[in-house]
Novice: 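My questions all concern the structure below.
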Protein chains: 2
Amino acid sequence: MQRPSTPHPLGEVPPIEVSRRVNSIADQVFRTLRSSIVTMRLTPGTALSEQEIAGRLNVSRQPVREAFIKLSESGLVRVLPQRGTFVVKISAKAVTDARFVREAVECAIARRASEGIPAGALADLRAILSEQRVAAAAADPEQFFVLDEAFHRGLAHAADCTYAWKVIEEAKAQMDRVRFLSLPDATPMDHLVAQHAEVLDAVAAGKGAAADAAMRAHLREILKSLPRLAQAFPEMFEPGAAEEETEAAPPPARRKRTAR
Amino acid sequence: MQRPSTPHPLGEVPPIEVSRRVNSIADQVFRTLRSSIVTMRLTPGTALSEQEIAGRLNVSRQPVREAFIKLSESGLVRVLPQRGTFVVKISAKAVTDARFVREAVECAIARRASEGIPAGALADLRAILSEQRVAAAAADPEQFFVLDEAFHRGLAHAADCTYAWKVIEEAKAQMDRVRFLSLPDATPMDHLVAQHAEVLDAVAAGKGAAADAAMRAHLREILKSLPRLAQAFPEMFEPGAAEEETEAAPPPARRKRTAR
DNA sequence: TTCGTCGAACTTCCATACTACCATTTCAGC
DNA sequence: GCTGAAATGGTAGTATGGAAGTTCGACGAA
């Protein structure tokens, strides 16, 4: 973890030095943890502790604590006072709730985009699609993931919906954990590219309703594997269905050390 | 500010003692500040300082800092490192962006609610409407505000959309500041009640499209006064239109002490 | 064996000291 | 009087120590 204007005490940190505005340590910790959680390198149920993470990243507990707060706001960890901080397990309800919000917002974005976006933006999106086809042909899921994100974000920004994208980004975090879990046998990538293309064609043609429908179909496709995954990886998922939001803090999984 | 299991050192705090789970100090500070900002008791542009707030509330800087972090995540304050923390001015773009998201999500909620909600919930919502009529007749805007919030939240929960409501709640914060500014000469309250009734009737009749349309019309009504207010209270608003999200931190309003 | 009690080890939460940085002011030099 | 560099006061960011609370296992008595 790199402290501002100080030789990095951690070996892992690449020597990025170019850009100023290397954000605060707390932000770096937040990004690191968030990425680890979303990509499932930190598995659901894992116990985190301020001290442990601080020691591992060679920083004090304070910035770690602030990162925990932000992660907790995003619904990725749960802080139980005096007990511990845990990576929340995937909850089928939380995922479908996130999809509901994402669908509502992103379909609205598609409609708005159909009313007109900058010409350059349209070209950029088409370029992303080409790259996706390459990644699909090369069977490179990770790169495909990156490009998928770029497409959705690009469309949002083209439609001048920065706040809406921020909302989607947060909902997406819940969904992405499922997608990472389903990486091996997900929907064929060419199929997803075709759906992207369908959205983009509708947008380009100014057909709002069609863009909306295409986007909706696309977003519903993504989580088709959810029930199967919930059965295949029960330890990653919240057990029952209805016991969300109970007041009494449910005893979380037995403390399981973070083992990278 | 009341410390858990400690005699409250601040006189202002009402002696709520009944319920356990008096949340942490940081949470109390957060709620206090958030409420003050949304109701415009802390006017846009006001400088907050960790130390000052801490002194005023008789707590240390630490919980205040955590409250600032959360407020900053909500887009209600902006933290400029080594310079200060400021209540963000109302930005026309931010408000319309919030409305865009809220409209997308809440209309989706209305559609879902039309597919069926618990019978009790429907009755509860009708009860809220009656109370709103009373408040409208009594010309009691504050109470009307509370009931308005209750109606929208009640509909969301009836449709089992808790996460969606959380998203709306955050978008609403931006919009509510405008509403508080327009309290004197806002849309007549009876008109708003009628719109609520229209939504609810469509929901009860299972007419999803009608509920969507009614909700959309209702939400668009709320901010009609925005342009006028931006002219009437220029010091509360972000000046131009397009210079959002500039990387270089724009020098905020000259430090103006919080004066309660 | 089973139950209750106590204690050690852990956690988050809060308070406080210190650091780095920014903005303004002050004041010497011209 | 004017300019510019150093001093000063104020800010958020970080580090660290202690307080309050939870968990869990050891230990002993029934």
Side-chain angles (χ1 to χ4, degrees), chain A residues 1-10 20-30 33 46-55 57-72 77-87 248-258, chain B residues 1-10 20-30 33 46-55 57-72 77-87 248-258:
Chain A
M1 212 43 35
Q2 178 154 3
R3 312 166 60 170
S5 22
T6 286
H8 49 83
L10 199 65
R20 241 341 347 99
R21 183 69 56 177
V22 191
N23 270 327
S24 65
I25 295 184
D27 248 34
Q28 294 183 51
V29 175
F30 170 71
L33 290 178
T46 305
L48 309 174
S49 108
E50 295 178 357
Q51 201 154 27
E52 181 191 347
I53 302 292
L57 298 180
N58 258 45
V59 299
S60 79
R61 282 161 26 220
Q62 177 66 18
V64 176
R65 173 173 176 74
E66 298 185 2
F68 280 8
I69 293 176
K70 291 187 190 173
L71 289 169
S72 142
V77 307
R78 180 150 185 196
V79 178
L80 304 183
Q82 273 72 36
R83 284 204 271 173
T85 301
F86 304 86
V87 179
R254 211 184 161 68
R255 179 157 281 262
K256 175 179 59 175
R257 281 289 155 202
T258 71
Chain B
M1 215 41 38
Q2 178 156 3
R3 312 165 61 170
S5 22
T6 287
H8 48 80
L10 199 67
R20 238 350 336 104
R21 181 70 53 177
V22 191
N23 271 327
S24 64
I25 296 184
D27 247 34
Q28 294 184 49
V29 176
F30 171 70
L33 289 178
T46 305
L48 309 173
S49 111
E50 295 180 357
Q51 206 156 25
E52 181 191 347
I53 302 291
L57 299 181
N58 257 44
V59 299
S60 79
R61 272 181 53 207
Q62 178 67 18
V64 176
R65 174 172 176 74
E66 298 183 4
F68 279 10
I69 292 176
K70 291 186 190 173
L71 289 169
S72 141
V77 309
R78 180 150 184 194
V79 179
L80 303 183
Q82 273 70 38
R83 282 201 273 173
T85 300
F86 303 85
V87 179
R254 214 184 161 66
R255 180 155 281 261
K256 176 178 60 173
R257 280 289 153 203
T258 72

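Naming convention: chains lettered A, B, ... in sequence-line order (proteins, then strands); numbering from 1 in each chain.
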Novice: Taking the nucleotide of DNA chain D with the closest heavy atom to each, which residue, B/Gln82 or A/Ser60, is nearer the 5' end?
Specialist: B/Gln82

Novice: Hey, are the side chains of B/Asp27 and B/Lys70 touching, using non-hydrogen atoms and a 4.5 Å cut-off?
Specialist: yes

Novice: When the nearest nucleotide of DNA chain C is assigned to A/Val79 and to A/Gln62 on a heavy-atom basis, which residue is associated with the more 5' position?
Specialist: A/Val79

Novice: Rounded to the Å, how far apart are B/Asn23 CG and C/dT12 P?
Specialist: 17 Å

Novice: Using whole Å, report how far CD1 of B/Ile53 lies from C1' of D/dA12.
Specialist: 14 Å

Novice: Please determine whether a side-chain nitrogen or oxygen atom of A/Ser24 lies at a distance below 4.0 Å from atom OP1 or OP2 of D/dA12.
Specialist: no

Novice: Compare side-chain N and O positions of A/Ser49 against OP1 and OP2 of C/dT11 and report whether any pair is under 4.0 Å apart.
Specialist: yes

Novice: Could you tell me the separation between the CG atom of B/Leu80 and the P atom of C/dA20, rounded to a whole number of Å?
Specialist: 21 Å

Novice: Specify the closest pair of heavy atoms between A/Ala26 and A/Ala67, including all atoms of both residues, with the distance to one decimal.
Specialist: O-CB, 4.0 Å

Novice: Where do A/Val29 and A/Val64 come nearest, in terms of heavy atoms and distance?
Specialist: CG1-CA, 4.1 Å

Novice: Quick check for you: to the nearest 0.5 Å, what is the distance between B/Leu33 atom CG and B/Gln28 atom CD?
Specialist: 11.5 Å

Novice: Within the structure, does a side-chain N or O atom of A/Arg83 lie under 4.0 Å from either OP1 or OP2 of D/dT23?
Specialist: yes

Novice: Can you measure A/Leu57 atom CG to D/dT14 atom P for me and round it to whole angstrom units?
Specialist: 13 Å

Novice: So does B/Gln51 get a side-chain nitrogen or oxygen closer than 4.0 Å to the phosphate oxygens (OP1/OP2) of D/dA12?
Specialist: no

Novice: For B/Phe30 and C/dC13, give me the distance from atom CZ to atom P, rounded to whole Å.
Specialist: 15 Å

Novice: How many angstroms lie between atom CZ of B/Arg65 and atom OG of B/Ser60, to the nearest 0.5 angstrom?
Specialist: 11.5 Å

Novice: Hey, does the side-chain of A/Arg65 have a donor or acceptor N/O within less than 3.5 Å of a partner on the base of D/dG13?
Specialist: no

Novice: What nucleotide among D/dT14, C/dC14, C/dT12 has an atom nearest to a side-chain atom of B/Pro63?
Specialist: C/dC14

Novice: Roughly, in whole Å, what's the span from CD in B/Glu50 to P in C/dA17?
Specialist: 16 Å

Novice: D/dA15 P sits how many Å from A/Glu66 CD, rounded?
Specialist: 10 Å

